[in-house]
*Asks:* 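Quick one: the structure is below, questions incoming.
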Amino acid sequence: MQSAAPRRHVLRLVATALAAVAALPATAHADETLQAPSGRVVLTLSGRVARTNGEGAARLDMAMIEAMERATVATRTPWYDGEQVFEGVPLRALLREVGASGQKLVVRALNNYMTEIPLADAEARGAILAYRRNGEPMPVRDKGPLFVIYPYSSDRALQNEVYYGRSAWQVSRIAVE
C-alpha cells in the first residue's frame with residue numbers, strides 16, 4: 001500500500017501555486033486585453049505595450065485613468081505662481097497597467113508638441129500624469145486634461161530645462177519605444 005504523505009505534499013504544493021497565481025494583479029497577465037473605453041478617449045498608448053483594447057494600442061478614457069493608482073505632487077512649477085497640488089496616475093503605474101516595455105516614451109500633445117522621456121523617469125523620478133490641479137480637473141485651455149508633472153520642489157536635480165521640457169501638457173498620445 002502506498003503512503004498518503006507524498007500525495008499530500010504534492011497537493012499542498014499545487015494549492016500553494018494556485019494561491020500565488022490568484023494573488024497576482026490583473027496586469028501581470030500581459031496577454032490580457034484592456035476593457036474598451038466607455039467615454040471619450042483622452043489618451044492612446046502605442047508601441048511596446050502588451051495590453052491593448054483595439055488596433056494595437058491602449059485607448060483610455062478619463063474614467064479608466066482615474067481608476068488607476070493615484071499620486072499627489074505638491075510642487076512649484078515655471079508655469080504657475082506658487083505651489084500647486086497635482087493629482088494623477090504615477091507614470092510607472094500607467095506603464096505597468098498596459099504592460100509597457102522599452103527604453104523611452106515619446107509623448108505627444110494635442111498641439112503636436114513632442115518630447116521624449118526615459119522610461120527610467122517613471123520609476124526613479126516620481127513623474128505623474130496629472131489630471132487635477134488644486135482639486136479641479138484641468139481643461140484643455142489650462143494645460144489639461146493630462147499633464148506630465150515631476151516633483152520639482154522635492155528634488156533640485158529636476159529644476160532645469162531638461163525636466164521642464166519633458167513636462168508636456170495636453171498629452172494625448174504616448175508611444176513606448
*Asks:* Can you see which heavy atom on L146 is nearest to which on M62, and at what distance?
*Replies:*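 Here L146 and M62 meet closest at CD2-CE, 4.0 Å.
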*Asks:* Between L60 and V41, does the side chain to side chain contact (heavy atoms under 4.5 Å, CB included) criterion hold? Intermediate values first, please.
*Replies:* CA-CA 5 Å; L60 307 174; V41 173; 6.0 Å; no
*Asks:* Between CZ of R48 and CG of L119, what distance do you get to the nearest 0.5 Å?
*Replies:*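 Reported to 0.5 Å precision, the distance equals 9.5 Å.
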*Asks:* Write down the atom of A127, the atom of P151, and the distance for their closest heavy-atom approach.
*Replies:*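 Residues A127 and P151, closest heavy atoms: N-CD, 4.5 Å.
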*Asks:* For V49 and G56, work out which heavy atoms get closest and say how close.
*Replies:*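 That would be CG2-O, 4.3 Å.
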*Asks:* Indicate whether any N or O donor in one side chain lies under 3.5 Å from an N or O acceptor in the other, for Y80 and D142.
*Replies:*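 Indeed, the side chains of Y80 and D142 share at least one donor-acceptor pair under 3.5 Å.
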*Asks:* Side chains of I65 and V42: does their closest heavy-atom pair fall under 4.5 Å?
*Replies:*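 Sidechains of V42 and I65: in contact.
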*Asks:* How long is the straight-line distance from OH of Y131 back to CZ of F147, given to the nearest 0.5 Å?
*Replies:*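 Reported value, rounded in 0.5 Å steps: 16.0 Å.
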*Asks:* Between the side chains of N53 and Q35, does any donor sit under 3.5 Å from an acceptor?
*Replies:*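 No - no donor-acceptor pair under 3.5 Å links their side chains.
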*Asks:* Would you find a donor on one side and an acceptor on the other, under 3.5 Å apart, between the side chain of D61 and the backbone of S38?
*Replies:*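 Pair found, side chain donor or acceptor close to backbone of S38.
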*Asks:* Distance-only, no hydrogens or angles: does the Q84 side chain make a donor-acceptor pair with backbone N or O of D81 under 3.5 Å?
*Replies:*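 Between the backbone of D81 and the side chain of Q84 there is a qualifying donor-acceptor contact (under 3.5 Å).
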*Asks:* Side-chain heavy atoms under 4.5 angstrom apart, residues restricted to Ile, Leu, Val, Met, Phe, Trp, Tyr: same cluster for L129 and W79?
*Replies:*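 Linked within one cluster.
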*Asks:* Quick one: does any side-chain atom of R108 pair with a main-chain N or O of V171 as donor and acceptor, under 3.5 Å?
*Replies:*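 No, because the side chain of R108 does not come within donor-acceptor range (under 3.5 Å) of the backbone of V171.
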*Asks:* Starting at OH of Y113, measure out to OG of S172 and round the result to the nearest 0.5 Å.
*Replies:*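 Rounded to the nearest 0.5 Å, the OH-OG separation comes to 13.5 Å.
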*Asks:* Mind running side chain to side chain contact (heavy atoms under 4.5 Å, CB included) on F86 and I128 for me, showing each step along the way?
*Replies:* CA-CA 9 Å; F86 295 92; I128 68 170; 4.1 Å; yes
*Asks:* Looking at T115 and G165, would you say the former's side chain and the latter's main chain have a donor-acceptor pair under 3.5 Å?
*Replies:*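 Pair found, side chain donor or acceptor close to backbone of G165.
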*Asks:* Could you give me the CA-CA distance, side-chain angles and deciding distance for I174 and T44, then say whether side chain to side chain contact (heavy atoms under 4.5 Å, CB included) is met?
*Replies:* CA-CA 6 Å; I174 299 174; T44 301; over 6 Å; no
*Asks:* Rounded to the nearest 0.5 Å, how far does CG of D121 lie from CG of L91?
*Replies:*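 Nearest 0.5 Å value for the CG-CG distance: 8.0 Å.
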*Asks:* OG/S167 to CD/E161 distance, rounded to the nearest 0.5 angstrom?
*Replies:*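 Nearest 0.5 Å value for the OG-CD distance: 10.5 Å.
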*Asks:* Measure across M64 and P37 and return the closest heavy-atom pair with its distance rounded to 0.1 Å.
*Replies:*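 Looking at all heavy atoms of both residues, the shortest contact is SD-CA, 3.5 Å.
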*Asks:* Please report the closest heavy-atom contact between R173 and N112, naming both atoms and the distance.
*Replies:*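 Taking every non-hydrogen atom into account, NH2-OD1, 3.0 Å.
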*Asks:* Does any N or O in the side chain of Q170 come within less than 3.5 Å of the main-chain N or O of V140, such that one atom is a donor and the other an acceptor?
*Replies:*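 It does hold such a pair.
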*Asks:* Taking only residues two or more places apart in sequence, or in another chain, which ones meet Y152 in a ring-ring contact (aromatic ring centres under 6.0 Å, His included)?
*Replies:*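 Y152 satisfies ring-ring contact (aromatic ring centres under 6.0 Å, His included) with Y164 once adjacent residues are dropped.
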*Asks:* Can you check whether S153's main-chain N or O pairs, donor with acceptor, with T75's side chain at less than 3.5 Å?
*Replies:*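 Yes; at least one donor-acceptor contact below 3.5 Å.
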*Asks:* Which pair of heavy atoms, one from G82 and one from R76, lies closest together, and at what distance?
*Replies:*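 Minimum heavy-atom separation between G82 and R76: CA-NH1, 3.3 Å.
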*Asks:* Can you confirm whether the side chains of D155 and Y150 place a donor and an acceptor under 3.5 Å from each other?
*Replies:*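 Absent: no donor and acceptor within the cut-off.
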*Asks:* With sequence neighbours excluded, tell me which residues meet side-chain contact (heavy atoms from CB on, under 4.5 Å) with R132.
*Replies:*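 With neighbours one apart ignored, the set is E66, E87, P137.
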*Asks:* Going from CE on M68 to CD on E97, what distance comes out if it is rounded to the nearest 0.5 angstrom?
*Replies:*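 It is 4.5 Å, given to the nearest 0.5 Å.
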*Asks:* Between L95 and L105, does a side chain to side chain contact (heavy atoms under 4.5 Å, CB included) hold up when you go through it step by step?
*Replies:* CA-CA 10 Å; L95 298 174; L105 307 175; 3.8 Å; yes
*Asks:* Are the side chain of T52 and the backbone of A58 linked by a donor-acceptor contact shorter than 3.5 Å?
*Replies:*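 No; zero donor-acceptor contacts below 3.5 Å.
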*Asks:* Treating Ile, Leu, Val, Met, Phe, Trp and Tyr as nodes and any side-chain heavy-atom pair under 4.5 angstrom as an edge, say whether Y163 and W169 lie in one connected cluster.
*Replies:*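 Both belong to a single hydrophobic cluster.
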*Asks:* Are E177 and K104 ion-paired here, with the side-chain N under 4.0 Å from a carboxylate O?
*Replies:*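 Result for this pair is yes, salt bridge flagged.
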*Asks:* Check this for me: does any side-chain nitrogen of one of E116 and R166 sit under 4.0 Å from a carboxylate oxygen of the other?
*Replies:*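 Salt bridge absent between E116 and R166.
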